[in-house]
Enquirer: 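The structure under discussion is supplied below as structure tokens; questions concerning it will follow.
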There are 2 protein chains.
Amino acid sequence: MASILSFLDKAGKSRGFLTLYLLNSLKEKPKSGYDILIEIKEKTRGAWMPSKGTIYPLLKHLKKEGFITVKTTGQRSKSIFEITLEGEKELLVMSKEARKMHGKLMQFRDLISSIFAEGQGDIANLFFEIRDLLLDMRDSSPELKTEKKDELIKILERCLSDLKRVVPMDRLEGGREV
Amino acid sequence: MASILSFLDKAGKSRGFLTLYLLNSLKEKPKSGYDILIEIKEKTRGAWMPSKGTIYPLLKHLKKEGFITVKTTGQRSKSIFEITLEGEKELLVMSKEARKMHGKLMQFRDLISSIFAEGQGDIANLFFEIRDLLLDMRDSSPELKTEKKDELIKILERCLSDLKRVVPMDRLEGGREV
DNA sequence: TATAAACGTTTCTATGTCGAACCGTTCTAT
DNA sequence: ATAGAACGGTTCGACATAGAAACGTTTATA
């Protein structure tokens, strides 16, 4: 939730995920608010489309803060926003939050799926054991020797390909892929 | 965000994830608000702990709605909440939302991780791929043939033992938490 | 015995996002 | 030509949750 998807910037101001996304997206290429709306909708396959009542005021606010500017007021009276140098600096700091969010989101995911879990005991247990092992390792030794890391990767890759071999691929609709 | 973690119940009332979690958790076993607070904190390894200012008023509200009752006012003046029959009925409907949330959350995850890009082959990414595959499978085919199940278990067991071989066991326990 | 920590709850304000209503512009199909 | 859909944006109220302050109780510890 908010605690998971929002964070405090270096000035102590509370920021939401959308702020982070906006700056990141505008860094890549100047866009209009509407463009970003559609971009998000498509990237998430319709799972999320920010409210217009959120995104437009937010863009205005970020402009006022000097993180973005209006590049041109193009056709159809649309405003094309562009990230500023200060915006890029801010993004650099903020984007570290994306990692944290991601980790938190994954924990949150377990919470959700536990609601419709029920059964599947053995497989779930094994999976959790693997997870715990990897998490413990990361916690206790954040700096891992490349050599050891490669070994772990090889093991996991093998596991993954083995699983893919066994799992029927008829479950393809809904589209995978990023 | 809210659109991802909140939903409309059959009466059209907006509900948050916490409502769903509360009912689900109380169905399993009567608990106090504080118990649930700690339960969530531990289940998510510290990634999320609902605000007291959220959970207590919510419990009160659910009680008023008749979905839960106070079983006993135990020691330390704590209230032990218990789900009612009506609450279970409501939960049955609501829990279908958990599945949808899960799917949306996964799309959202891609959006977040796109911010810190990250090349493939990373340990975390591999792990998530494995998890996604297992979860997808569970979602799409809840009834798994024993034979196939055994194969999956064998693969995971092997992965686990391989990992244990590589990971040094000097990683004693210690602080969890984020 | 004093004190601090953990337990357990209440109340209040703040905030990120939603959703709906409303407005004007441009494109497209009939 | 006209209607309707898609584009592009503004404004405002509602809502789930956060976060902080305050308070009483029990347990552990110095």
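In what follows, chains carry the letters A, B, and so on, assigned in the order in which the sequence lines appear, proteins first and then strands, with residues in each chain numbered from 1.
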Enquirer: Taking B:Glu90 first and then B:Lys10, would you say they form a salt bridge - that is, a charged N and a carboxylate O separated by under 4.0 Å?
Expert: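 B:Lys10 and B:Glu90: salt-bridged.
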
Enquirer: Starting from P on D:dG8, measure out to NZ on A:Lys52 and report it in whole angstrom.
Expert: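 From A:Lys52 NZ to D:dG8 P: 10 Å.
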
Enquirer: Please enumerate all protein N or O atoms sitting under 3.5 Å from an N or O of nucleotides 13-15 of chain C, with distances to 0.1 Å.
Expert:
none

Enquirer: Separation of B:Leu58 atom CG from C:dG8 atom C1', in whole Å?
Expert: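 Rounded to the whole Å, the gap is 17 Å.
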
Enquirer: Taking only the side-chain nitrogens and oxygens of A:Tyr56, find out if one of them lies under 4.0 Å from OP1 or OP2 of D:dG9.
Expert: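 For A:Tyr56, the contact criterion (side-chain N or O under 4.0 Å from OP1 or OP2 of D:dG9) is met.
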
Enquirer: Identify whether any heavy atom of A:Pro57 sits under 4.0 Å from a base atom; if not, whether one sits that close to sugar-phosphate; answer base, sugar-phosphate or nothing.
Expert: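 Counting heavy atoms under 4.0 Å across all strands, the contact made by A:Pro57 includes a base.
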
Enquirer: Under the side-chain hydrogen bond (donor to acceptor under 3.5 Å, both in side chains) definition, can you give me all pairs with a residue in residues 153-163 of chain B, not counting sequence neighbours?
Expert: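 Applying side-chain hydrogen bond (donor to acceptor under 3.5 Å, both in side chains) to every pair that reaches into residues 153-163 of chain B, excluding sequence neighbours, yields B:Asp162-B:Arg165.
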
Enquirer: Does a side-chain N or O from B:Trp48 land closer than 4.0 Å to OP1 or OP2 of D:dT17, or not?
Expert: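 The answer is no; no side-chain N or O of B:Trp48 sits under 4.0 Å from OP1 or OP2.
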
Enquirer: Please evaluate the base of D:dA18 for a donor-acceptor partner in the side chain of B:Thr54 within a cut-off of under 3.5 Å?
Expert: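 Counting by modelled atom types and ignoring angles, a donor-acceptor contact under 3.5 Å is found here.
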
Enquirer: Could you check whether the side chain of B:Ser32 and the base of C:dG8 have a donor-acceptor pair of N or O atoms closer than 3.5 Å, going by distance alone?
Expert: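 Between C:dG8 and B:Ser32, which were checked side chain against base, a qualifying N/O pair under 3.5 Å is absent.
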
Enquirer: Can you measure A:Ile55 atom CD1 to D:dG8 atom P for me and round it to whole angstrom units?
Expert: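 Those two atoms, CD1 and P, are 12 Å apart.
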
Enquirer: Under 4.0 Å, heavy atoms only, any strand: does B:Leu18 hit a base, just the sugar-phosphate, or nothing?
Expert: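 B:Leu18: backbone/sugar contact only, no base atoms under 4.0 Å.
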
Enquirer: So, B:Lys100 and B:Glu97, do they make that salt bridge, N to O below 4.0 Å?
Expert: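 Salt bridge present between B:Lys100 and B:Glu97.
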
Enquirer: Ring pair (Phe, Tyr, Trp, His ring centres under 6.0 Å) with B:Phe127: which residues, sequence neighbours excluded?
Expert: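 For B:Phe127 the ring pair (Phe, Tyr, Trp, His ring centres under 6.0 Å) partners, ignoring immediate neighbours, are A:Phe127.
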
